[in-house]
Number of protein chains: 2
Amino acid sequence: MPEAEHTHPNVTAPATGDWRAELRAKGYRLTPQRELILAAIEDLGHATPDEVLAHVQERVSSVNASTVYRTLEVLEDLGLVRHAHLSDRAPTYHSVSGHEHFHLKCRGCGQVTSVDVDLASALTDRLADELGFVADIGHLTVFGRCSRCAG
Amino acid sequence: MPEAEHTHPNVTAPATGDWRAELRAKGYRLTPQRELILAAIEDLGHATPDEVLAHVQERVSSVNASTVYRTLEVLEDLGLVRHAHLSDRAPTYHSVSGHEHFHLKCRGCGQVTSVDVDLASALTDRLADELGFVADIGHLTVFGRCSRCAG
DNA sequence: TTGGTTGCAAACTTTTTGCAAGCGT
DNA sequence: ACGCTTGCAAAAAGTTTGCAACCAA
């Protein structure tokens, strides 16, 4: 499959520093690894655990893969990052500092596009009205073909 | 996570036998394994490769896991089965003999619900009109909370 | 007979886990 | 000092691959 490129460069708001307080409030500790991993995700926009690890290790080579997995879980619990499944393989994590969005993935060129959740409101409304189902659109990935590849 | 139960028992149309011809037409061969694996998916409704293997092995213990993976790929190529990601782990395969549908997965109780693709037409239309993106709704899984678990 | 298929074993990729040492608070 | 965290190594889970024997056509 072609390499994924992203149409929505992550122009994220800088971490306010108040997440560190929330982290402690939940009984977690603030460690260099956690700051590095969160920063990596904000740098990379969308990244798999593997890519996060590589990015972090460019500066601090001693950081371990298990730490990345464990930290990603903590950061997701804190609501600082989210993940989606952009391929049949590893999940992709992204920062939540911006607006909530879901993803479109083109099977032709591999391009990933971020779309505002509003665009799916018709679906979420119907699911809620007709089935009482509260959808988590931020986790959604819609596969298909982009305009160029659909032809 | 709770075990998934399914609200849409697969009442699939019996294989007409004409898939065997299509299979040969594409240069594939008709083998007992392929018939068993397709039958397993129609029996099970929704199943991971692992579950398919276990089901097939109840009758023919010699069937191998690689054969299941390879066959699932062939069957999907023929359009006889499809897969969706109902968990962060193994993919789930289902028969395409019925109507096309996408899935709802409840994070509370794990329940999986099949929903007719029509219900998502508002989303697919907007994606097509505004972005030219042709969505493959049959592959979609929407995570969230069912009416009971949403409270 | 020909070449697509299968079973087997080994390799691989991604993620999880046990544990002792380390460090944030 | 207490106990959450980390690095490491091994295990687990899921999938893929090379290859010789096998069998559908």
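Any value given below was found using the heavy atoms of this structure, including those in side chains, with hydrogens, waters and symmetry copies removed. Quick caveat, the model's predicted, so the values are computed rather than measured. Below, chains carry the letters A, B, ... as their sequence lines are ordered, and counting in each starts from 1.
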#### Entry: Heavy-atom pair of closest approach, residues B/R107 and B/F143
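Minimum heavy-atom separation between B/R107 and B/F143: NH2-CB, 3.6 Å.
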
### Query
Which heavy atom in B/H103 sits nearest to a heavy atom in B/A84, and how many Å separate them?
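Closest approach of B/H103 to B/A84: ND1-CB, 3.8 Å.
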
Check nucleotides 11-14 of chain D for protein N or O atoms closer than 3.5 Å to its own N or O atoms and list the pairs.
residue	atom	partner	partner atom	Å
D/dA13	O3'	B/R89	NH1	3.2

For [X] and [N], give me the distance from atom [atom1] to atom [atom2], rounded to whole Å.
| X | N | atom1 | atom2 | result |
| --- | --- | --- | --- | --- |
| B/H83 | D/dT15 | NE2 | P | 10 Å |
| A/H85 | C/dT15 | NE2 | P | 10 Å |
| A/L36 | D/dT6 | CG | C1' | 13 Å |
| A/D88 | D/dT16 | CG | P | 9 Å |
| A/E73 | D/dC4 | CD | P | 16 Å |
| B/R34 | D/dC22 | CZ | P | 19 Å |
| B/E76 | D/dT15 | CD | P | 12 Å |
| A/D77 | D/dC4 | CG | P | 15 Å |

Every protein N/O within reach of nucleotides 22-24 of chain C N/O, cut-off under 3.5 Å:
residue	atom	partner	partner atom	Å
C/dG24	O3'	A/L30	O	3.4
C/dG24	N2	A/R29	NH1	3.3
C/dG24	N2	A/R29	NH2	2.8
C/dG24	N3	A/R29	NH1	3.3

Distances under 3.5 Å between protein N/O atoms and the N/O atoms of nucleotides 18-21 of chain C, please, pair by pair.
none

### Task
Decide side chain to side chain donor-acceptor pair (under 3.5 Å) for B/D50 and B/T48; before the verdict, give the C-alpha distance in whole Å, the side-chain angles of both, and the deciding distance to 0.1 Å.
CA-CA 5 Å; B/D50 226 54; B/T48 60; 5.6 Å; no

### Query
Does the gap between the ring centers of A/H101 and A/H46 come in under 6.0 Å?
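They qualify: ring centres under 6.0 Å apart.
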
### Query
Between A/H83 and A/H94, is the ring centre distance below 6.0 Å?
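When the ring centroids of A/H83 and A/H94 are compared, they turn out to be at least 6.0 Å apart.
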
### Task
Ignoring backbone atoms, establish whether B/T67 has a side-chain N or O less than 4.0 Å from OP1 or OP2 of C/dG7.
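True: B/T67 side-chain N/O within range (under 4.0 Å) of C/dG7 OP1/OP2.
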
### Query
For C/dG7, does OP1 or OP2 lie under 4.0 Å from any side-chain N or O of B/Q33?
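It does, given that an N or O in the side chain of B/Q33 lies less than 4.0 Å from OP1 or OP2 of C/dG7.
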
### Task
State yes or no: do B/Y28 and B/V63 share one hydrophobic cluster built from I, L, V, M, F, W and Y residues joined by side-chain heavy-atom distances below 4.5 Å, directly or via other members?
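Same cluster: B/Y28 reaches B/V63 through Ile, Leu, Val, Met, Phe, Trp or Tyr contacts under 4.5 Å.
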
### Message
If you assign A/A65 and B/V68 each to the DNA chain C nucleotide with the nearest heavy atom, which residue ends up on the more 5' nucleotide?
### Response
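Nearest-nucleotide comparison on DNA chain C picks B/V68.
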
### Query
Side chains of B/H55 and B/D43: do they bring a donor and an acceptor to under 3.5 Å?
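Side-chain D/A pair, B/H55 to B/D43: present.
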
### Message
Surrounding CD of B/E73 (heavy atoms of other residues, nucleotides or ligands, distance under 6.0 Å), is the total greater than 12?
### Response
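Counting neighbours around CD of B/E73, 12 or fewer heavy atoms of other residues, nucleotides or ligands fall under 6.0 Å, so no.
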
### Query
Given B/R34, which of B/T67, B/T71, B/L78 fulfils the side chain to side chain contact (heavy atoms under 4.5 Å, CB included) condition?
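Result for side chain to side chain contact (heavy atoms under 4.5 Å, CB included) with B/R34: B/T71.
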
### Beyond-backbone contact of A/V81 with A/L38, side-chain heavy atoms, under 4.5 angstrom
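In contact.
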
#### Entry: Test log, rule salt bridge (charged side-chain N to carboxylate O under 4.0 Å, His left out), inputs A/K26 and A/D77
CA-CA 10 Å; A/K26 284 211 178 188; A/D77 175 52; 3.8 Å; yes

